Amino acid sequence: MLNILPKPKSLVYGYGTVGDDYVVTLKPELPEEGYRLILNEKGIEIQYSTEKGKFYAAETLDQIASQCETLPCVTVEDEPKYPYRGFMIDCARHFFTVEELKKQINVMAELKLNKFHWHLTDDQGWRLEIKKYPLLTEKGSVRSSTRGDKKEIKGFYTAAEVKEIVNFCADRFIEVIPEIDMPGHFTAAIASYPDLSCHGKPMKVSERFGIHKDIACAGKDETINFCKDVLSEVAELFPSEYVHLGGDEAPKLNWYECNDCRKRMEKHSLADEKALQGWFTNEMVAHLASLGKKAVVWNDGVSENLDKTAVMQYWKQSSSTNKELLVEAGRGRQMIFSPFFYFYFDYPHGMTPLKKTFNYKVPSEIEKNVKGLEGTLWTEYVPDVNKLELMAYPRLFALADKAWAYDDDYTDFLVRLDVFAEFITDKFPIAVTVKPNPSFLKGKKDTLLFFLNILDRDTIKVARELRLDKRIAAKRRRKG
Ligand code: ACM
Ligand code: ZN
């Protein structure tokens, strides 16, 4: 019995022994990423319509060959369910070397994942060299301490290293989608160039986690130009169709008080600060369009006035989620799904067990708007690559299976996972020790410890201040 992961659309066993021929045949009628792999008495034949399909056929053949001493006769017909199959690694909170990233990218390729979402900037570090603004990496890539530990965390990727990752991914048919988070999660940029904020005061690269109230000023032309300049360099470095603009967790406390922001709202008749964020993001979407790129935005950064071409990455689940999804689907918006209770792999295995990740169902009403699925690995509490692998695997396997396969049989997945785990044991000796479905009690304990760890003094203090932001936003909504 062959166990292929992700599961092919169809796999039919034949009889006899596989012959010695090896042919690849162009079949333009096959889907872009699809393939047909035929092992029969003549030999091996790969049918494909693009190089991507040929690559995936070879991955499947590798998995078959690794499981048998002699190849069995079999025909595999395959194509992915979703065109977008992603994995995000946060390299801002902690820094990972090019070699460490390449190791994960190799696994992505084996799992037929095709988008590497590279989270490069955040409050706690700016990790991408930008020639026009050297302080971003001179100052913004260095954090003196993290939650009082007085240990320096630093690092950034040079243009040459970006190219190395981009090429490494391209060889594996993986698109690299860089994320430059704005207007929120912007403290490292503000620490480098204080005038980017509304108040212009000097700031440090953040030494705590959670939401930060100092965000990019949407009123100052200088800030808008800075963001556009950064995106121009990003567009040159990354050949991807998409650039991720973040847009998540952007409290508006500074914007309420800022003359420049108020003037911008008046000038463009913007009803509230959410609409101002929409205006700001639209400026970036238009700039990206002029560079031949499209934008992705996290769902809490999506407003009514946001350009329809911006893809929404859905992470933040709430009681109004389904309504929000329906509204955006009604606007024709494309979506990527990363619901945080299911696809956030930095959450403890007890809180988000493998089974929970696997059994997530995209709401059927909006299925046609969904481009695909993405697993994310935030690294606030992931200081090194061993912890990264411990958290990512095997949940990324479940994500990959869901993003490619049409079947969603968990029992069948577990059988296939076992075989695949053996296949990668030497690469991830730590990750294979993970208990992916801890007991109920262990789950509760993991969850409690996770939240207790997050709630330090600084975070609680800021959370209190942010309650005011929520109250003002609610009042604005009622008035509107
Ligand atoms: C997010 O988790 N703030 C996108
Ligand atoms: Zn402002």
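One-based numbering, in listed order, for ligands and for the atoms of each. All values reported here derive from a predicted model rather than from experimental measurement.
Considering backbone and side-chain atoms alike, H185 places every N or O at 3.5 Å or more from each N or O of ligand 1.
Of the N and O atoms on the side chains of Q104 and E389, at least one donor lies less than 3.5 Å from an acceptor on the other residue. For the 3.5 Å distance criterion, the side chains of D229 and S232 fail to qualify, holding no donor opposite an acceptor.
Electrostatic pairing of K52 and E33 does not count as a salt bridge here, judged by no charged N lying under 4.0 Å from a carboxylate O. A salt bridge does not link K252 with D469: every distance from a Lys NZ or Arg NE/NH1/NH2 to an Asp or Glu carboxylate oxygen is 4.0 Å or more.
Proximity of E249 to ligand 1, defined as any heavy-atom pair under 4.0 Å, is confined to the side chain (atoms from C-beta onward).
At the top of the distance list for atom 2 (O) of ligand 1, counting protein heavy atoms only, stands Y344 OH, 2.6 Å. Counting only heavy atoms of the protein, atom 3 (N) of ligand 1 lies nearest to D248 OD2, 2.7 Å.
Counting atoms of ligand 1 from 1 in the listed order, those under 4.0 Å from a heavy atom of W378 are 1 (C), 2 (O), 4 (C).
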* Take D122 and R93 through the salt bridge (charged side-chain N to carboxylate O under 4.0 Å, His left out) test and state the conclusion after the steps. => CA-CA 7 Å; D122 216 299; R93 273 56 176 269; 3.3 Å; yes
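Put simply, the angle at the Zn ion (ligand 2) from SG in C217 to SG in C198 is close to 110°, to the nearest 10°. Rounding to 10 degrees gives 110° for the angle at the Zn ion (ligand 2) between SG of C261 and SG of C258.
Between F116 and F87, the distance separating the two ring centers is not shorter than 6.0 angstrom.
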